[in-house]
Chemist: 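Before I ask anything, let me first share the structure, which is written out below as structure tokens.
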Amino acid sequence: MVEPSQIGPSAQIIDGKRIASERANVLRKRVTKFVAVNGAPPALAVVLVGSDPASAIYVRRKGEQCQAVGIESIQHRLPHDTTEASLLYLIAQLNRDAGVHGMLVQLPLPAHIGADKVLAAIDPDKDVDGFHVTNAGQLALGKPRLAPCTPLGCMLLLRELGTELRGKHAVVIGRSTIVGRPMAQLLLIADCTVTIAHRHTTDLAALCRAADIVVSAVGIPALVRGDWIRPGAIVIDVGINRVPDPRSGTGATRIVGDVAFEEAVGHAGAITPVPGGVGPMTISCLLENTLQAAELIEGRLAGTLG
Ligand SMILES: Nc1nc(=O)c2c([nH]1)NC[C@@H]1CN(c3ccc(C(=O)N[C@@H](CCC(=O)O)C(=O)O)cc3)C=[N+]21
Ligand SMILES: [Mg+2]
């Protein structure tokens with residue numbers, strides 16, 4: 001007996017939430033080992049300036065996930081009118097604090113604070129977002145140290161599928177420094193042929209139709225249509241777009257990605273949902289980067305002490 005849902009092609013739905021929770025179990029064991037060796041847990045400092053509601057939710061979720069694997073979470077919530085100088089002062093303190101292994105400043109920052117200057121002030125060894133020019137440069141050289149969490153999470157999802165990446169044509173839509181560019185670098189390291197598309201790209205549809213892997217990170221709901229997806233291609237949807245939820249009738253919102261999911265699911269071989277795809281993997285990779293930073297820092301200290 002064939003269910004209607006089994007008639008016609010339908011993609012494998014890549015369950016980022018499940019994969020992230022399985023990885024949390026592995027991370028928890030690594031953290032336990034770290035505590036046994038070093039006597040204290042890895043610690044992540046998260047700095048939030050202002051009260052953007054989405055940022056507040058993400059920061060809270062990061063704290064919860066840290067706690068779930070035994071990483072100490074230190075959160076600094078600063079008022080919207082915090083000066084650039086006082087934010088730089090806090091970063092300098094966190095850089096010096098031997099009890100802090102990783103730190104991040106939640107983006108976006110208020111307009112009166114220069115994000116480039118702030119990111120440059122973070123000790124690259126504690127830069128668990130991988131946004132510092134040193135870490136971006138290492139990645140561009142093909143020798144990543146701490147790499148950005150969202151692209152790392154996308155790579156883990158691709159690896160989880162078990163398909164050979166070497167020689168595959170990957171189209172990355174979006175060239176942001178936090179997702180598109182580092183994503184392209186990681187795909188290159190995995191021996192993909194990589195095309196980066198952006199707002200000036202002509203005939204994005206035709207480009208996507210030639211792709212084995214499409215990664216979209218632009219923030220436009222339903223930009224990527226079902227018939228843009230080559231049969232069997234892999235679709236990674238990084239978009240987080242808040243839209244009105246017509247089903248609620250109460251003005252409530254829901255989040256959708258950049259891909260018209262219901263269309264694309266009939267074409268793709270595998271596709272990430274939003275929510276429950278890339279988002280949970282981003283936080284999972286943040287935890288992993290924090291543990292990696294802590295292991296490197298403590299390993300180096302142990303080396304200097306004998
Ligand atoms: N310095 C800095 N580092 C960041 O890594 C950073 C940032 N700033 N600013 C904002 C973006 C966005 N981001 C997300 C993290 C988790 C989910 C996530 O967990 N999403 C869930 C739930 C989404 C929801 O319900 O709102 C999901 O997709 O299933 C989403 C987005 C990290 N960012
Ligand atoms: Mg998601």
Side-chain angles (χ1 to χ4, degrees), residues 13-21 23-24 44-66 68 73 75-78 87 90-91 94 102-110 113-122 124 126-132 135-136 146-154 156-157 174 176-183 215-219 221 235-243 245 248 252-259 261 271-290 293:
I13 313 293
I14 307 169
D15 188 347
K17 203 171 167 184
R18 178 184 59 76
I19 297 165
S21 93
R23 284 172 48 76
L44 171 66
V46 176
V47 181
L48 173 62
V49 184
S51 55
D52 174 57
S55 291
I57 292 170
Y58 293 142
V59 166
R60 197 182 61 215
R61 196 166 285 153
K62 286 170 184 179
E64 289 164 0
Q65 296 299 311
C66 278
S73 164
Q75 304 204 335
H76 292 268
R77 290 154 201 276
L78 308 179
L87 179 56
L90 172 60
I91 291 169
L94 296 171
M103 80 170 92
L104 69 87
V105 177
Q106 187 72 15
L107 301 177
L109 282 166
I113 298 179
D116 289 347
K117 204 166 171 184
V118 167
L119 297 181
I122 295 172
K126 297 188 179 185
D127 170 36
V128 288
D129 263 335
F131 294 165
H132 191 281
N135 288 320
L146 290 166
C149 302
T150 298
L152 280 178
C154 293
L156 288 175
L157 293 177
S176 74
T177 51
I178 67 171
V179 185
R181 283 168 205 255
M183 184 76 231
V215 180
S216 186
V218 288
V235 179
I236 306 289
D237 190 352
V238 184
I240 302 264
N241 306 297
R242 200 157 279 286
V243 297
D245 186 352
S248 82
T253 60
R254 65 188 178 115
I255 66 161
V256 298
D258 294 343
V259 179
F261 183 87
I271 183 169
T272 61
V274 178
V278 173
M281 297 302 292
T282 297
I283 298 188
S284 178
C285 289
L286 173 64
L287 305 178
E288 171 131 28
N289 274 357
T290 301

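Atoms within a ligand are numbered from 1 in the order they appear, just like the ligands themselves. Just so it is clear, the model here is predicted, and its values are computed rather than measured. Nothing fancy with the numbering, it's 1 onward along the sequence. Note: hydrogens, waters and symmetry copies are ignored here, and every other heavy atom, side chains too, is used.
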Chemist: Checking the side chain of Asn289 only, and the main-chain atoms of Val128 only, is there a donor and an acceptor separated by less than 3.5 Å?
Modeler: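 Side chain of Asn289 to backbone of Val128, a donor-acceptor pair under 3.5 Å: yes, one is there.
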Chemist: Could an N or O of ligand 1 be found under 3.5 Å from any N or O of Gln106, whether backbone or side chain?
Modeler: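 So ligand 1 has an N or O lying under 3.5 Å from an N or O of Gln106.
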Chemist: Within ligand 1, which atoms have a heavy atom of Ile255 less than 4.0 Å away?
Modeler: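 Within the 4.0 Å cut-off of Ile255, ligand 1 contributes 23 (C), 24 (C), 25 (O), 26 (O).
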Chemist: Near Pro275, which atoms of ligand 1 are under 4.0 Å from a heavy atom of that residue?
Modeler: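 It comes down to these atoms of ligand 1: 27 (C), 28 (O), 29 (O).
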Chemist: Side chain, backbone, both or neither: which part of Arg61 comes within less than 4.0 Å of ligand 1 when only heavy atoms are counted?
Modeler: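 Side chain only.
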Chemist: Does Asp258 reach the main-chain N or O of Val218 with its side chain, forming a donor-acceptor pair under 3.5 Å?
Modeler: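 Yes; judged by distance alone, with no hydrogens or angles, the pair exists.
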Chemist: Is any N or O atom of Leu107, backbone or side chain, closer than 3.5 Å to an N or O atom of ligand 1?
Modeler: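 Indeed, backbone or side chain, Leu107 has an N or O that close.
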Chemist: If you measure only the distance, is there a donor-acceptor pair under 3.5 Å linking the side chains of Lys62 and Gln106?
Modeler: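 There is such a pair between these side chains.
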Chemist: Starting from the C-alpha separation in whole Å, work towards a yes-or-no answer on side chain to side chain contact (heavy atoms under 4.5 Å, CB included) for Val256 and Phe261.
Modeler: CA-CA 9 Å; Val256 298; Phe261 183 87; over 6 Å; no
Chemist: With a 4.0 Å cut-off on heavy atoms, is Cys149 touching ligand 1?
Modeler: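 No, Cys149 has no heavy atoms under 4.0 Å from ligand 1.
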Chemist: Judged by atom type as modelled, is there a donor-acceptor pair below 3.5 Å linking the side chain of Thr290 to the main-chain atoms of Leu286?
Modeler: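 Confirmed, Thr290 side chain pairs with Leu286 backbone.
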Chemist: Could you tell me which atoms of ligand 1, counted from 1 in the order shown, lie closer than 4.0 angstrom to a heavy atom of Lys62?
Modeler: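 Checking each atom against Lys62, I get 3 (N), 4 (C), 5 (O), 6 (C).
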Chemist: Please check this pair: side chain of His132 against backbone of Ala120, looking for a donor-acceptor N/O pair closer than 3.5 Å.
Modeler: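 Side chain of His132 to backbone of Ala120: a pair is present.
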Chemist: Should Asp129 be counted as touching ligand 1, given the test is an N or O pair under 3.5 Å?
Modeler: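 Yes, since at least one N or O of Asp129 sits under 3.5 Å from an N or O of ligand 1.
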Chemist: With distance as the sole test, does Asp129 use its side chain to make a donor-acceptor pair with the main-chain N or O of Leu104 at under 3.5 Å?
Modeler: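 Not a single qualifying donor-acceptor pair exists.
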Chemist: Between Met103 and ligand 1, find which residue part has any heavy-atom pair under 4.0 Å and reply side chain, backbone, both or neither.
Modeler: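 Contact part for Met103 vs ligand 1: neither.
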Chemist: Between Val274 and ligand 1, which part of the residue brings a heavy atom under 4.0 Å of the ligand: side chain, backbone, both or neither?
Modeler: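 None of Val274 does.
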Chemist: Counting N and O atoms only, with roles assigned by atom type, does the side chain of Gln75 sit under 3.5 Å from a partner on the main chain of Val59, one being a donor and the other an acceptor?
Modeler: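 Yes.
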Chemist: Could you tell me whether some N/O pair between Ile240 and ligand 1 is separated by less than 3.5 angstrom?
Modeler: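 No; the residue has no nitrogen or oxygen that sits under 3.5 Å from a nitrogen or oxygen of the ligand.
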Chemist: Just let me know how Arg242 lines up against ligand 1, side chain, backbone, both or neither, with a heavy-atom cut-off below 4.0 Å.
Modeler: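 The answer is the side chain of Arg242.
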Chemist: Need the ligand 1 atom indices (1-based, order shown) with element for anything under 4.0 Å from a heavy-atom of Gly276.
Modeler: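 Ligand 1 atoms under the 4.0 Å threshold to Gly276: 27 (C), 28 (O), 29 (O).
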Chemist: Donor-acceptor check, side chain of Asp237 to backbone of Val259, threshold 3.5 angstrom: yes or no?
Modeler: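 Yes, Asp237 side chain to Val259 backbone: donor-acceptor pair under 3.5 Å.
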